Amino acid sequence: PSEPSKASSPSPSKPPTAAPSNPPSTRNYWLMKAEPNTRLENGHDVKFSIDDLAARTSPEPWDGIRNHVAKNNLLAMRRGDLAFFYHSNCKVPGIVGIMEVVREATPDESAWDSGSAYYDPKSGPEKRTWYLVHVEFRRKFREMVGLRELQEYKGRGEALEGMQLLKQSRLSVSKVEEGEWEFIMGLAEGK
DNA sequence: GCCAACGTTGGC
DNA sequence: GCCAACGTTGGC
C-alpha cells in the first residue's frame, strides 16, 4: 500500500494548532459501490473489492460511473473527502471500509474507448460527459456494516432516515451526511 | 413536452 | 430468477 499523498508536517512558522487543509467541518462524506464478484461487462470482468483497492500502490481511478446523479456527486467531491466502500450485487451487501478522495474529478476516458467495459458511444473527447475521481484505500472494517443493519435505522426519526443510499438504492455514488457517517462509524466500531 | 415501452440496477 | 424502482428512448 502506498503512503498517503498528503503534505508532511506543518512548517515551523505555523502554530501547532493550525487547521489542517481539509478540517472535518468542511470535509464531505460519500458512499461508492463496487461489485466484489466476477461479472462480465462488454467482455471485461468488472469485479473490484476492498481487497483489490487495498492492494493498489497508486491512486485508483473510480471509472465507469454512467448516471448523472452519481456523476454530480463525483463532481462535488473534494480532495480529502472520505468515502465508504460498499460491496454490492453480492450475497451480503454492505459497507466494508473507507477510502479517501486524493484527486478531484477528471474526464473518464473509458467512456470513449469502445473496448472498455464502460464504453458510451454518445460521449467522446469532444463531448466529455463522464468523470472520475481518484481514491486511495484507508481502512477495512473488521466486520462489514451490512445493508440489512443500515436498514434497521431508516425509520422516522432514526439516524439513517434520510440516507441517500437507502432512498435511492440504485445510485452507485451517494452522499453521506456527517451525522450519518458518525453513526455508521459507531456501528462499525461497536463490533 | 408527454408518456409508453423498454432497459438497468441491485436486493431478495 | 424475480421484480420494484428508476432512468432512457423515441414516437407523437
Side-chain angles (χ1 to χ4, degrees), chain A residues 29-54 60-77 82-99 101 105 107-133 135 137 140-177 180-181 183-185 187-188 190-191:
Chain A
Y29 299 96
W30 308 96
L31 180 146
M32 302 167 83
K33 297 180 182 178
E35 301 182 39
N37 296 335
T38 289
R39 189 173 64 82
L40 290 183
E41 191 77 59
N42 197 16
H44 298 265
D45 187 356
V46 297
K47 160 183 144 52
F48 191 71
S49 71
I50 184 114
D51 293 326
D52 294 322
L53 180 66
E60 176 71 10
W62 199 272
D63 59 4
I65 301 304
R66 299 290 180 267
N67 168 285
H68 290 289
V69 178
K71 178 197 74 174
N72 288 339
N73 281 332
L74 288 179
L75 292 172
M77 290 184 184
L82 298 178
F84 286 133
F85 193 117
Y86 180 96
H87 279 174
S88 75
N89 207 9
C90 55
K91 188 150 194 188
V92 185
I95 297 169
V96 292
I98 295 173
M99 52 197 168
V101 177
D108 180 354
E109 299 186 13
S110 72
W112 59 84
D113 172 1
S114 64
S116 92
Y118 308 113
Y119 177 53
D120 173 12
K122 295 191 297 303
S123 74
E126 307 307 317
K127 192 171 190 298
R128 300 183 163 193
T129 309
W130 304 114
Y131 292 83
L132 56 77
V133 297
V135 297
F137 174 81
K140 179 180 177 179
F141 294 152
R142 280 180 0 98
E143 285 184 55
M144 74 150 58
V145 180
L147 175 62
R148 302 292 285 274
E149 186 175 0
L150 298 174
Q151 288 170 334
E152 290 175 23
Y153 306 99
K154 70 175 183 185
R156 291 240 344 229
E158 294 187 290
L160 304 181
E161 177 183 2
M163 192 175 181
Q164 192 171 28
L165 171 76
L166 303 178
K167 305 198 102 166
Q168 290 174 254
S169 63
R170 292 177 43 192
L171 199 56
S172 59
V173 179
S174 61
K175 181 156 178 56
V176 178
E177 298 301 327
E180 294 166 350
W181 180 275
F183 181 80
I184 293 166
M185 289 303 294
L187 295 179
K191 296 185 186 243

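Every chain is numbered from 1, with letters handed out A, B, ... down the list of sequences. As the structure is a computational prediction, the values presented were derived from the model and not from experiment.
- Partners of A:His68 by ring-ring contact (aromatic ring centres under 6.0 Å, His included), not counting sequence neighbours, listed by chain and number: A:Trp130.
- Residues from residues 82-90 of chain A lying near DNA chain C, meaning a heavy-atom separation below 4.0 Å, are absent.
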Would you list the atom pairs, donor with acceptor, under 3.5 Å between side chains in residues 109-119 of chain A and any protein atom, with sequence neighbours excluded?
| from | atom 1 | to | atom 2 | distance (Å) |
| --- | --- | --- | --- | --- |
| A:Ser110 | OG | A:Arg66 | NH2 | 3.0 |
| A:Ser110 | OG | A:Asp108 | OD1 | 2.6 |
| A:Ser110 | OG | A:Asp108 | OD2 | 3.4 |
| A:Asp113 | OD1 | A:Gly115 | N | 2.9 |
| A:Ser116 | OG | A:Ser110 | O | 2.8 |
| A:Ser116 | OG | A:Asp113 | O | 3.3 |
| A:Ser116 | OG | A:Tyr118 | N | 3.0 |
| A:Ser116 | OG | A:Tyr119 | N | 3.3 |

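- Sorted by first then second residue, the salt bridge (Lys or Arg N to Asp or Glu O under 4.0 Å) pairs that include residues 29-38 of chain A, not counting sequence neighbours, are A:Glu35-A:Arg39.
- For A:Phe84, the ring-ring contact (aromatic ring centres under 6.0 Å, His included) partners are A:Trp181, not counting sequence neighbours.
- For A:Asp45, the salt bridge (charged side-chain N to carboxylate O under 4.0 Å, His left out) criterion is met by no residue, not counting sequence neighbours.
- By the side chain to side chain donor-acceptor pair (under 3.5 Å) test, A:Asp51 pairs with A:Lys140, sequence neighbours left out.
- Side-chain atoms of A:Gln164 come within 3.5 Å of backbone N or O of A:Lys175 as a donor-acceptor pair.
- Among residues two or more places apart in sequence or in another chain, the side chain to side chain contact (heavy atoms under 4.5 Å, CB included) test is passed with A:Asn67 by A:Val69, A:Ala70, A:Leu171.
- Non-hydrogen atoms lying under 4.0 Å from DNA chain B are contributed by A:Leu147, A:Arg148, A:Gln151, all within residues 140-158 of chain A.
- Counting any heavy atom pair closer than 4.0 Å across all strands shown, A:Lys91 reaches no nucleic acid atom.
- The side chain to side chain donor-acceptor pair (under 3.5 Å) contacts involving residues 151-162 of chain A comprise nothing, where partners must be two or more places apart or lie in separate chains.
- Extent of DNA chain C lying under 4.0 Å from chain A heavy atoms, first and last nucleotide in 5' to 3' order, is C:dA5 to C:dT9.
- Residues forming a side chain to side chain contact (heavy atoms under 4.5 Å, CB included) with A:Met77 (at least two apart in sequence, or on another chain): A:Trp30, A:Met32, A:Leu74, A:Asp81, A:Val101, A:Val133, A:Val173.
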